[in-house]
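Written out below as structure tokens is the structure these notes cover.
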Amino acid sequence: HMNLRPKFNMLQLSDTGKVREHNEDAIGSNRDIALLVLADGMGGYNAGEVASGIAVRTVLELVPAACERETRNATDPETGLMRQTIILRDAIARANKVIHQTAKMQPQCEGMGTTIVACLFYDNRISIAHVGDSRLYRFRRNRFEQLTMDHSLLQELVDRGFYSQEEAARSTNRNYVTRALGVEPTVQVELQEAEVQPEDIYLLCSDGLPDMVEDEDIHLTISTFNANLQMAGQQLIRLSNDHGGKDNVSVILAQVVEPFPARVSVLQQIRSIFS
């Protein structure tokens, strides 16, 4: 497998914010396979940090091992998705199970859950998986867009036409999540794939960022500091805290330096002719 480390600039930062005592966000990455994971936990007695920690660890453990076994650059016949996307989904489903079982066994963890957003880069594409309201945005040639849609009550009301997107942005009860890891024995993970272009910047963040900072200001920050991800990330966290810092805030930034097509061996080429 190709090492993707040189193909990306990356930065990850997490901050407790101004109000909370504990940081219940968890973040992690595997630079070699360009896997990024961010989770925002919830639950009493700081069980949120248990849930988010399990989520990130499980994905970081299972995905690289499964990718290692995956030798062909194939799509999954059932879903039409890349095998990489299915690997990501299965790891998150497994994390859901582990969190759910832990919550059942440990009284202080009862009812804990976590959001998750994760992405995996492969063959000039990105696989995106998410549950809840942690987000993934893409900055491309000065266009900034949110690629994930929140699993939140507010977003459902917007989808059904009860609110406009602008009204929703001003609403105070934004944080009611309709889907989370660990709450039920199984979870529906939302999946997407998109092609990747050099110079793209991807932002994964917990809701602590968009709840405090407008999308235009996130956009402006990334376009101002796109030559220095460290500055961009620090500035995003500073903005969130300057605007009240009511929640933990975490960001992962990944900038694509150059294309990363999958290397296909001669044997695989021959095999694909006969498959």
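By the 4.5 Å heavy-atom criterion applied to side chains, V50 and M112 are counted as neighbours. Using a 4.5 Å heavy-atom threshold, the side chains of H130 and L136 count as separate.
Qualifying side chain to side chain donor-acceptor pair (under 3.5 Å) partners for T102, counting only residues two or more places apart in sequence or in other chains: none. Listed by chain and number, the residues in a side chain to side chain donor-acceptor pair (under 3.5 Å) with N46 are H22 (sequence neighbours excluded). With sequence neighbours excluded, the residues forming a side chain to side chain donor-acceptor pair (under 3.5 Å) with D25 are S206, S250, listed by chain and number. Under the side-chain contact (heavy atoms from CB on, under 4.5 Å) criterion, P6 pairs with N3, sequence neighbours left out. For Q101, the side-chain contact (heavy atoms from CB on, under 4.5 Å) partners are K97, not counting sequence neighbours. Annotation: side-chain contact (heavy atoms from CB on, under 4.5 Å) contacts of E110 (sequence neighbours excluded): none. Under the side-chain contact (heavy atoms from CB on, under 4.5 Å) criterion, A65 pairs with R69, sequence neighbours left out.
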Let me have the donor-acceptor pairs involving side chains of residues 87-96, under 3.5 Å, with sequence neighbours excluded, atom names and distances please.
from	atom 1	to	atom 2	distance (Å)
N96	OD1	G182	N	2.6
N96	ND2	E184	O	3.0
N96	ND2	P185	O	3.0

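Hydrophobic cluster membership differs between L181 and M42, with clusters built from Ile, Leu, Val, Met, Phe, Trp and Tyr side chains linked at under 4.5 angstrom. Criterion: ILVMFWY side-chain heavy atoms under 4.5 Å apart, direct or through other members. Under it, V37 and V189 are part of a common hydrophobic cluster.
Between F121 and F8, the two ring planes are tilted [angle within 30° to 60°]. Taking the six-membered ring where tryptophan is involved, the planes of F139 and F144 are tilted, since the angle between them lies from 30° to 60°.
A ring-centre distance under 6.0 Å is not found for Y202 and Y137.
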**Study point:** Full working for ring pair (Phe, Tyr, Trp, His ring centres under 6.0 Å) between Y122 and F260
**Key:** CA-CA 7 Å; Y122 179 75; F260 48 97; 8.4 Å; no

**Study point:** T75 vs L81, side chain to side chain contact (heavy atoms under 4.5 Å, CB included): CA-CA, chis, key distance, verdict
**Key:** CA-CA 5 Å; T75 49; L81 295 166; over 6 Å; no

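Closest heavy-atom contact between T178 and S152: OG1-N, 3.4 Å.
Here E156 pairs with R160 in a salt bridge; the nearest charged N to carboxylate O distance falls below 4.0 Å.
For residues 141-151, the pairs satisfying salt bridge (Lys or Arg N to Asp or Glu O under 4.0 Å) are R135-D150, R138-E145, R143-E145, with sequence neighbours left out. Sorted by first then second residue, the ring pair (Phe, Tyr, Trp, His ring centres under 6.0 Å) pairs that include residues 90-117, not counting sequence neighbours, number zero. Pairs passing the side-chain hydrogen bond (donor to acceptor under 3.5 Å, both in side chains) check and including a residue from residues 220-235, sequence neighbours excluded, read Q235-R238.
Residue F225 shares its hydrophobic cluster (ILVMFWY side chains chained together at separations under 4.5 Å) with M231.
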